[in-house]
Amino acid sequence: MSKANPGKTQSMVCEQQASLTQSLSWLHRGVSEIFPDRPDSDDPNENLVRRLETVDRPLRVKLGIDPTGTDIHLGHSIPVRKLRAFQDAGHTAVLIIGDFTARIGDPTGKSEVRRQLTQAQVEANAKTYLDQVRSILDFDTPGRLEIRYNSEWLSQLDLSKILELLGQMTVSQMLAKEGFAERQAQENPIFLHEFLYPLMQGYDSVAVRADVELGGTDQKFNIAVGRDLQRHFGQTPQFGLLMPILLGTDGTQKMSKSLNNYVGLTEDALTMYSKLEKIPDTSIPDYFELLTDLPLDELPENPRDRQKLLAVTIVSQFHGETEARQAQKDAQTLVGGQTTQARSVPEFSVSSVEFPAKVFYLLNASGLCKSSSEARRQIKGGAVRIDGDRVGDENLTFASPTDAQGKILQVGKKKFVRLVE
């Protein structure tokens with residue numbers, strides 16, 4: 001019998017480890033933290049890679065979405081994209097619509113109590129959320145997606161069960177949660193129902209027997225509560241997988257609709273493209289890593305080429321490559337003032353507008369500006385154009401719908417709309 005070659009054996013082990021690392025590159029891309037994380041451990045309850053390597057069934061990967069609004073932007077899409085990556089690897093995505101928890105609202109990072117929504121508002125929002133994530137998740141492959149509503153179990157909790165949940169945390173632990181300590185220090189009120197939110201989100205993990213929970217870095221506390229509750233109820237605690245918070249199009253603050261630095265999933269191709277091709281250079285690496293599957297070591301060296309590639313790639317995900325390329329062409333022609341050649345400009349019907357109508361009113365009515373006063377400021381600042389020509393008179397008026405027909409209103413370099421009857 002020949003003796004084993006230690007050097008060859010070690011080489012084979014290294015090759016196997018390298019192969020495993022390569023095959024699981026999707027797992028670590030764009031991830032800030034996995035917990036628990038002991039990469040040298042063979043315990044599949046401490047090492048997610050080891051769990052994936054040895055599991056004999058699809059993992060149940062949980063993502064909770066509270067439908068507290070109607071729109072999802074690219075920042076919200078990051079954990080949804082990671083959920084899709086787990087689906088593509090053969091695991092089961094468990095998408096929890098927080099129709100019960102949304103009535104409270106996650107207090108994480110909030111300086112004051114959130115407005116409680118009605119059931120009707122939550123149901124309407126939930127429908128729009130599902131419509132928007134359909135472009136990302138696999139809804140069709142059997143066994144790859146479960147959609148659950150947490151009212152299914154949370155609405156059934158009686159007082160004894162709620163007291164059992166409350167008995168798993170102390171007030172001091174809860175006050176350590178991000179936001180609560182600041183609110184207490186500032187003497188802003190913290191209501192008791194807000195303390196229930198992390199426990200309810202954690203109980204979601206118990207109800208669906210989650211193996212992994214996804215979330216932003218601001219969700220670590222809530223996900224950790226889920227681990228504690230699973231342990232209390234005799235389940236194997238889930239892994240937490242955290243992703244970074246995306247900066248908005250301004251490159252400085254968290255993407256947010258209220259800050260007007262967002263890119264919405266339902267925006268038309270031209271608006272999406274126009275916003276994305278202006279992303280600051282400092283944010284481009286994060287956008288590529290978090291919002292695309294492109295190899296990061298094969299990106300163009302020229303910053304402008306990277307911006308254009310980023311914009312086309314992301315717009316293609318939601319509108320298809322043909323529309324993305326057309327949006328790219330239209331953005332170039334519109335900025336150059338050649339409005340008649342643009343094809344993908346979103347339309348706004350003036351059928352409900354009373355004429356004669358001032359331009360600042362149309363800017364507000366079409367959604368290009370949030371108010372008439374903002375529209376006036378944009379005109380005074382020289383940011384408004386009609387068919388490529390700058391508007392200098394804030395009282396400029398269209399006498400009739402015929403006068404407005406086909407005109408392209410433009411605010412800055414990112415917002416366009418074509419007026420139609």
Side-chain angles (χ1 to χ4, degrees), residues 26-35 48 51-52 58-69 71-102 105-106 108-109 122 125-141 143-154 197-198 200-227 229-230 235 237-246 255 265 290-291 293 317:
W26 62 269
L27 174 66
H28 297 283
R29 178 166 176 150
V31 172
S32 295
E33 182 180 357
I34 298 174
F35 67 95
L48 181 54
R51 173 78 69 87
L52 290 167
L59 294 184
R60 297 178 59 75
V61 186
K62 167 196 171 189
L63 174 63
I65 300 178
D66 278 354
T68 53
D71 297 320
I72 297 178
H73 56 59
L74 288 180
H76 298 135
S77 77
I78 292 172
V80 183
R81 284 178 50 80
K82 183 61 67 176
L83 194 61
R84 174 59 187 261
F86 272 98
Q87 284 185 303
D88 290 343
H91 301 287
T92 301
V94 183
L95 182 66
I96 296 180
I97 304 299
D99 60 329
F100 194 94
T101 45
D106 188 353
T108 300
V122 171
N125 293 345
K127 183 180 183 304
T128 66
Y129 274 35
L130 285 175
D131 290 341
Q132 291 170 71
V133 300
R134 188 175 291 274
S135 61
I136 302 174
L137 295 178
D138 179 359
F139 274 67
D140 301 320
T141 305
R144 288 289 174 262
L145 178 64
E146 287 183 20
I147 299 174
R148 306 286 293 273
Y149 293 79
N150 63 12
S151 60
E152 175 188 335
W153 49 85
L154 293 179
Y197 187 93
M200 289 191 295
Q201 180 176 325
Y203 192 74
D204 289 349
S205 295
V206 175
V208 301
R209 305 187 73 89
D211 296 298
V212 180
E213 180 170 3
L214 310 179
T217 50
D218 59 348
Q219 291 297 308
K220 185 171 184 177
F221 182 94
N222 295 347
I223 294 174
V225 171
R227 283 175 50 81
L229 291 181
Q230 285 179 309
Q235 297 182 11
Q238 65 189 7
F239 284 88
L241 200 153
L242 307 179
M243 281 137 286
I245 305 300
L246 187 70
M255 184 172 283
L265 302 196
L290 298 171
L291 300 171
D293 296 322
Q317 294 172 10

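Values below: all heavy atoms of this structure, side chains included; hydrogens, waters and symmetry mates excluded.
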How many angstroms lie between [atom1] in [X] and [atom2] in [Y], if you round to the nearest 0.5 Å?
X    : Y    : atom1 : atom2 : value
L241 : I34  : CG    : CD1   : 4.5 Å
S77  : L83  : OG    : CG    : 12.0 Å
D99  : R148 : CG    : CZ    : 11.5 Å
L145 : F139 : CG    : CZ    : 5.5 Å
I245 : S32  : CD1   : OG    : 8.0 Å

Of all heavy-atom pairs between [X] and [Y], which one has the smallest distance, and what is that distance?
X    : Y    : value
R84  : L137 : NH1-C, 3.5 Å
N222 : P198 : OD1-CB, 3.5 Å
P79  : M243 : CA-SD, 3.8 Å
P58  : D211 : O-OD2, 4.5 Å
T92  : G143 : OG1-O, 3.0 Å
Y129 : T68  : OH-N, 3.8 Å

For the residue pair [X] and [Y], establish whether any side-chain heavy-atom pair is separated by less than 4.5 Å.
X    : Y    : value
I72  : V80  : no
I223 : L242 : yes
I96  : I65  : no
P67  : I97  : yes
V208 : E146 : no
R81  : D293 : yes
T128 : D71  : no
L95  : L130 : yes

Exercise for the section: Could you tell me whether the side chain of K82 and the main chain of L290 form a donor-acceptor pair under 3.5 Å? Expected result: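 No: the side chain of K82 does not pair with the backbone of L290.
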Handout entry: Qualifying residue for side chain to side chain donor-acceptor pair (under 3.5 Å) with S205, from K62, Q230, Q235
Key = K62
Practice task
Give the ring-plane orientation class for F86 versus W26, where under 30° counts as parallel, over 60° as perpendicular and anything between as tilted.
Solution key: perpendicular
Exercise for the section: Could you please spell out the steps behind the side chain to side chain contact (heavy atoms under 4.5 Å, CB included) verdict for R209 and V94? Expected result: CA-CA 10 Å; R209 305 187 73 89; V94 183; over 6 Å; no
Handout entry: All side chain to side chain donor-acceptor pair (under 3.5 Å) counterparts of N150, not counting sequence neighbours
Key =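 By the side chain to side chain donor-acceptor pair (under 3.5 Å) rule, N150 matches T101, D204.
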Problem - side chain to side chain donor-acceptor pair (under 3.5 Å) partners of R227, counting only residues at least two apart - result: none
Problem - Contact list for residues 129-138, test salt bridge (charged side-chain N to carboxylate O under 4.0 Å, His left out), sequence neighbours left out - result: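 Non-adjacent pairs meeting salt bridge (charged side-chain N to carboxylate O under 4.0 Å, His left out): K127-D131.
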Problem - Flag for E213-Q219: side-chain donor and acceptor within less than 3.5 Å - result: no
